[in-house]
Amino acid sequence: MKNHFNKVVVIGASRGVGAAVAEHIVPSTTELITVSRSPSNFGNWIEADISNKTGIEIVTNAVGNSPLDALLYMGGTWETQAFTSEYSFEKCSVRDIENVIAVNLVAPIRLVKSLLPTLRQATNPKIIFMGALSGLDNFPAREKEKCLFE
């Protein structure tokens, strides 16, 4: 028998890994809440920019007070020119760097903190973070080359 979840939140569910995860988990949930800035084709889509406090509040309000079985964080971002031949860390704007930190580090912390009360209500809650590019150990990008060799 497949696992069944009452309520699951998927962050970054409009495309890529997040959309694939949302599509895969939809049959196993009673309530799937998908969160992204652009529309998701799966679950109950909530438009929110989780890089700021307002976006976190939108997600928290959408989840409500009932038990949350899982928070699946599939969101992530990189600098505007990342993984292109034009990329240069020295030329990255402060805004780009702040956005990367806000989405990839601060937002997951804020989300977990705000959703802990509902996660604690679930019998066996799950929190999963996945970065779509985190598996690129052998990716020959300039970012890696510059970090390793300069």
Side-chain angles (χ1 to χ4, degrees), residues 1-84 87 89 92-139 141-144 146-147:
M1 179 181 211
K2 278 182 122 178
N3 287 336
H4 182 79
F5 303 97
N6 288 319
K7 188 187 293 185
V8 175
V9 173
V10 177
I11 305 295
S14 64
R15 60 188 175 143
V17 172
V21 167
E23 179 179 22
H24 178 76
I25 201 166
V26 118
S28 303
T29 62
T30 302
E31 182 181 1
L32 174 63
I33 299 170
T34 54
V35 180
S36 54
R37 290 175 295 164
S38 54
S40 174
N41 295 324
F42 309 100
N44 301 319
W45 174 60
I46 305 298
E47 181 179 9
D49 179 353
I50 48 87
S51 70
N52 60 59
K53 290 179 183 179
T54 302
I56 302 297
E57 290 170 2
I58 290 169
V59 174
T60 304
N61 291 335
V63 170
N65 296 318
S66 60
L68 177 60
D69 292 310
L71 167 61
L72 309 176
Y73 191 93
M74 308 292 137
T77 192
W78 295 99
E79 302 91 339
T80 304
Q81 298 290 326
F83 305 101
T84 70
Y87 179 80
F89 178 73
C92 285
S93 70
V94 171
R95 182 181 172 119
D96 259 3
I97 293 168
E98 288 174 345
N99 189 53
V100 168
I101 292 168
V103 172
N104 298 347
L105 179 64
V106 177
I109 293 167
R110 284 183 173 155
L111 275 168
V112 169
K113 186 172 168 91
S114 71
L115 295 174
L116 268 178
T118 56
L119 285 159
R120 285 187 174 132
Q121 292 177 40
T123 305
N124 189 17
K126 308 285 186 230
I127 301 172
I128 298 172
F129 300 103
M130 180 188 295
L133 297 176
S134 62
L136 295 177
D137 190 40
N138 295 313
F139 187 78
R142 289 184 57 157
E143 289 85 339
K144 185 170 183 170
K146 285 185 175 273
C147 291

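Counting from 1, the numbers follow the sequence of the chain as shown.
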Exercise. For the residue pair S14 and P39, what are the closest heavy atoms and their distance?
Worked result: CB-O, 3.4 Å
For this session: Could you check if a side-chain atom of I127 sits within less than 4.5 angstrom of a side-chain atom of Y73, using non-hydrogen atoms only?
Result: no
For this session: Look only at the side chain of D69 and the backbone of K7, and say whether a donor-acceptor pair between them is shorter than 3.5 Å.
Result: yes
Problem set entry | Min side-chain heavy-atom separation I56-I50 under 4.5 Å | yes
For this session: Compare every heavy atom of V63 with every heavy atom of T118, then report the nearest pair and how far apart it is.
Result: OG1-CG1, 3.9 Å
For this session: For residues L111 and V9, determine if any side-chain heavy atom of one lies less than 4.5 Å from a side-chain heavy atom of the other.
Result: no
Problem set entry | Gap between atom CG of L71 and atom NZ of K126 - 0.5 Å precision | 13.0 Å
Exercise. Checking N61 side chain against E57 main chain: does a donor-acceptor pair fall under 3.5 Å?
Worked result: yes
Seminar exercise, completed: The reported gap from CZ in R15 to OG in S36 (rounded to nearest 0.5 angstrom) is 9.5 Å
For this session: Kindly give the heavy-atom pair with the smallest separation between G18 and V10, and that separation in Å.
Result: O-CG1, 3.8 Å
Exercise. Donor-acceptor pair, T34 side chain versus A13 backbone, under 3.5 Å?
Worked result: no
For this session: Please tell me if the side chains of E47 and I58 come closer than 4.5 Å, counting only heavy atoms from C-beta onward.
Result: no
Problem set entry | Which atom of A122 lies closest to which atom of P125, heavy atoms considered | O-CD, 3.5 Å
Exercise. Can you tell me how far CG of N6 sits from CG of L32, rounded to the nearest 0.5 angstrom?
Worked result: 12.5 Å
Exercise. Within a strict 4.5 Å, meaning less than it, do heavy atoms of the T29 and F42 side chains meet?
Worked result: no
